[in-house]
Amino acid sequence: MSTMMIRRLSRFLAASARRNNVGLVLGDGFVNAGYHSMEPSPMTVGIIGAAFRGGQRRVGTDHGPHAIRHGGFLEAAIRALGHEIKDYGDLRVEDLQNIQPKLAKTRINNVHIIGSYMKEMSQRVQQSLRENKLTIVLGGDHSIAVGTVHGHATTVVDDLAVVYVDAHADINTPMTSHTGNAHGMPVSLLCGEFRKYIDFQLDGLEPLAWLEPVISCKDLAYIGLRDVEPWERVALNHLGILEYNMQSIDDIGVKEVIRQALMRINPELRSHIHLSIDVDAMCPEFAPSTGLPVAGGLTLREVIQIAEVTAATGRLRLIEIVELNPKVGSSDDVHKTVEAAQAIILAACGHYRGGLYLNSTYGVDDYSQSYLMPLSRDLAPKFKMESRKFAHFLCILVLVPALCFAQETGEIYTGAGSQTQEVSVVPVHHRHLPAANEAGDALKKQKEVSQINVLSLESNAAVPTEPETVQTTPSTISPEELLARQQLHQQKLLAQQAAQQQQQQQQQQQAQPIQLKVNENKMAEYQRNPTKGASDRSEDVITDVKQDGAGETTTTAGVHRSVSSSGLLVLVGTFLVACFH
Ligand SMILES: NC(=[NH2+])NCCC[C@H](N)C(=O)O
């Protein structure tokens, strides 16, 4: 096939995959291209929990379904792919109607339970397969395959193609198994070729007498084998069962493996596919929480690829994930294994590995909203929302304390000090009286000021008046009287300023006691506009101290806790921009 043709076919397949979920052409040439699609065709998905551990001895695989379902992530992610879910709940041993009494001697441990459980499981699988396009079975140990494959094979007319992804061959017969564990036997129990080796009427196997051989060894392909017992090896070779062990996977690569496997067991894609995935097929690094981990297995990505390619055939009807044991390993191990199981299941549901990480921080809801069109405009507002929320938070963080400080806006003005270190402290607002008192005290202490006058003021449009000889408590003079004093003081002040300058020049040479430095600029500014908040913030009681000439002196004392009006404007503006961005 020419490159041109392959390209065309690839484009056609990518398009058809989007419409029909079928993008893999088998048969002559067996081209696989465009098998991934960003938007899988919506379908109904049935979920069955196989809460079962009777196929082996360890406690825990019966908690597998709960662990995989936990938190509702899997369900939400499947819905996000556009599928509908029908959950058939978990099948537990306790739910079974008539468990037969335990057999004293049998070649399969717990066979009395396994017989009833697998029969019921087969029924549930049949129901789900009838009602849904895809069935997901959450194991459970691998013995549940007896029930699931039986149920699946019963519903199809053609042969069923079984892809068995496992480190183990699970092909022991009740006679050859050393453990007697059914999870090491499902293949022999299901395949017709083994019937001459297994008599279900003998050896305490009666509870499984209902089990028909539903598949043939030629319908089966193994992927991932690396822990095969000697007798199992003989059986595999003797029956010519298709197997891709770890060595062949390393030789030809997993994509080629799944391509070849499907081509061999389902060449025309007529058969339904049953994908049975034991988590121990993966390296323990990816799936540590399992009963019989074996080193050197598949990577999670390889198993995902197996699920993707199989799903892309459009023939995958059932995927089961087995042997996940949440009681094995640390909570990190369990988390890792569960995540791996979920990722494989989602791949089987048509999830496209196009860059969005499934366990994203957007949460399940946002994820389900944004998943389907990851590159569309739909996603953009999501990110905008996030940044807007952040901006709101920032604005509140800055504005609230800023406004608190702004409430304190005002000045304490000390004026009319003199050579005798007598100072008046005039608060511009009655709220600042306590601070004014404080300021006065500080002046007294630090600068050896003998007399502090603190005036009260109702209006803050004030310039200090003639000092009143009240020590630390505010006077109760009326506002009119205060205003008159202020005016008087203002006139006096201007005259004094001129005189002061002269005096200072004259007395520059003489050593003088400590004086308070006049903050001329501030004073002038204050006189011009006494209500104006200052843009700086200062809690100094006095601006400076200087050995200076004698004479009356005036100083400003700041208890400025203000944000400048322009600063406020910037903050409010930022806030509004963030809100309406
Ligand atoms: N699916 C499995 N984990 N199987 C383990 C089988 C182990 C062993 N071969 C047995 O027959 O007991």
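Positions are given from 1, in the same order as the sequence printed here. Order of appearance sets the numbers: ligands from 1, and atoms from 1 within every ligand.
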Between His142 and Tyr164, how do the two ring planes meet: parallel, tilted or perpendicular, split at 30° and 60°?
parallel
In terms of relative ring orientation, are His272 and His152 parallel, tilted or perpendicular, with 30° and 60° separating the classes?
tilted
Going by distance only, is there an N or O of Asn181 that falls short of 3.5 Å from an N or O of ligand 1?
no
Is ligand 1 under 4.0 Å from a heavy atom in the side chain of [X], in the backbone, in both, or in neither?
| X | value |
| --- | --- |
| Asp166 | side chain |
| His178 | neither |
| His168 | side chain |
| Glu229 | side chain |

Starting from [atom], find the nearest protein heavy-atom neighbour and note its residue, name and distance.
| atom | answer |
| --- | --- |
| atom 12 (O) of ligand 1 | Thr179 OG1, 2.7 Å |
| atom 3 (N) of ligand 1 | Asp280 OD2, 3.2 Å |
| atom 2 (C) of ligand 1 | Asp170 OD1, 3.4 Å |
| atom 7 (C) of ligand 1 | Leu292 CD1, 3.7 Å |
| atom 11 (O) of ligand 1 | Asn172 ND2, 3.0 Å |

Do [X] and [Y] have a side chain donor and acceptor closer than 3.5 Å?
| X | Y | value |
| --- | --- | --- |
| His168 | Glu232 | no |
| Asp332 | Ser330 | no |
| Asn132 | Tyr88 | yes |

Which of the ligand 1 atoms, numbered from 1, are nearer than 4.0 Å to a heavy atom of Gly184:
6 (C), 11 (O)
Just which atoms of ligand 1 are under 4.0 Å from any heavy atom in Asp278?
1 (N), 2 (C), 3 (N)
Measure the CZ-CZ distance between Arg195 and Phe200 for me, rounded to the nearest 0.5 Å.
4.0 Å
Any side-chain to backbone donor/acceptor pair from Arg53 onto Ala51? Under 3.5 Å, distance only.
no
Please check if the distance between the ring centroids of Tyr244 and Tyr222 is under 6.0 Å.
no
